[in-house]
Participant: 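Handing you a structure now.
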Amino acid sequence: MSVRVLLADDQPLIRAALRMVIADAPGLEVAGEAGTGADAVRLSRELGPDVVVMDIRMPDMDGIEATRRITEAGGDARVVVLTTFDDDENVYGALRAGAAGFLVKDMALDDILSAVRVVAAGDALIAPGVTRRLIAAFAARPAPRPEPRVPAGITEREREVLTLIGRGRSNTEIAAELFISAATVKAHVTRLLVKLAARDRVQLVIIAYETGLVP
């Protein structure tokens, strides 16, 4: 079945360009278009898309607030923020609102389409330049490392897996480091998502940092 995409951007030319490339992309189709954040929230509820490609600066309601409302509604739609404005405030705001992806509009169209497929499959993706800046920002923090606070309800093994997720390890790398199978790692990740009420791997990374598991 095709991945159904809702386009949310206040610029008709941007929507038209995305609509054309998605129409030509195998396995993707445009479910609808929204010119405001409020319309994006409404159409996400009415149309039930798999992925919402969301701009940040829009009239009526900005993309971060629209993302928060869509993710909190509990539907299946996953949000990919696609914006010109990749400053730290927007990046953190979008991820905390529940976005499963953060992309910038100067990326190649093929990379944007690949990101939509990745997010639709249940994973998360952040533009490489944004990822490097996030890592640099964390690494530059001068504050002393807080005493780790293990999230309530998780096992010691799950804590180890969460820590390695926070360090950017893939499931294969975690399996090799802990001497367990990749299938076991995947099972631990699934349980962590449920126990910590995290929507995806990006939110697990945020939890790992906020609880001090990763300095």
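Starting from 1, each residue takes its place in the sequence as its number.
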Participant: Going by the side chain to side chain donor-acceptor pair (under 3.5 Å) test, which pairs reach into residues 10-37, not counting sequence neighbours?
Facilitator: Arg15-Glu33, Arg19-Glu33, Thr36-Asp39
Participant: Compare every heavy atom of Ala97 with every heavy atom of Thr71, then report the nearest pair and how far apart it is.
Facilitator: OG1-O, 2.8 Å
Participant: Can you sort out the partners of Lys186 under salt bridge (charged side-chain N to carboxylate O under 4.0 Å, His left out), two or more places apart, ordered by chain and number?
Facilitator: none
Participant: Quick one: does Arg201's side chain get under 4.5 Å of Val189's, heavy atoms only?
Facilitator: yes
Participant: Going by heavy atoms in the side chains, are Leu6 and Val51 under 4.5 Å from each other?
Facilitator: no
Participant: Provide the closest heavy-atom pair for Phe102 versus Ala94 in the form atom of the first, atom of the second, distance.
Facilitator: CD1-CB, 3.8 Å
Participant: How far apart are the closest heavy atoms of Gly93 and Ile64, and which atoms are they?
Facilitator: O-CG2, 3.6 Å
Participant: Between Leu82 and Met107, is there a side-chain heavy-atom distance shorter than 4.5 Å?
Facilitator: no
Participant: Just so I know, are the side chains of Asp55 and Ile14 near enough to count as touching, which here means a heavy-atom distance under 4.5 Å?
Facilitator: no
Participant: Could you measure the distance from the CE atom of Met54 to the OG atom of Ser44? Nearest 0.5 Å is fine.
Facilitator: 7.5 Å
Participant: Are the side chains of Val5 and Leu18 in contact, using a 4.5 Å heavy-atom criterion?
Facilitator: no
Participant: Mind checking salt bridge (charged side-chain N to carboxylate O under 4.0 Å, His left out) for Glu177 and listing every partner two or more places apart, or none if nothing turns up?
Facilitator: Arg169
Participant: State, to 0.1 Å, how close Leu196 and Pro151 come at their nearest heavy-atom pair, and which atoms those are.
Facilitator: CD2-CB, 3.5 Å
Participant: Are Leu204 and Leu192 side-chain neighbours, meaning at least one heavy-atom pair lies under 4.5 Å?
Facilitator: yes
Participant: So Thr184 and Leu178, do their side chains get closer than 4.5 Å, heavy atoms only?
Facilitator: no
Participant: Looking at residues at least two apart in the chain, or sitting in another chain, which of them share a salt bridge (charged side-chain N to carboxylate O under 4.0 Å, His left out) with Arg69?
Facilitator: Glu65
Participant: Quick one: closest heavy-atom pair of Ile207 and Ala198, and the distance?
Facilitator: CD1-CB, 4.3 Å
Participant: For a quick test of reading the model, state the closest non-hydrogen atom pair linking Pro49 to Ala31 and the distance between them.
Facilitator: CB-CB, 4.4 Å
Participant: For residues 96-108, pull every pair meeting side chain to side chain donor-acceptor pair (under 3.5 Å), keeping only residues two or more places apart or in separate chains.
Facilitator: Asp9-Lys105, Arg96-Glu210
Participant: Is there a path of hydrophobic side-chain contacts, each under 4.5 Å between heavy atoms of I/L/V/M/F/W/Y residues, joining Leu28 to Leu109?
Facilitator: yes
Participant: State, with a plain yes or no, whether a side-chain heavy atom of Ile180 is found less than 4.5 Å away from one of Val185.
Facilitator: yes
Participant: Output all residues satisfying salt bridge (charged side-chain N to carboxylate O under 4.0 Å, His left out) with Asp50, sequence neighbours left out; order by chain, then residue number.
Facilitator: none
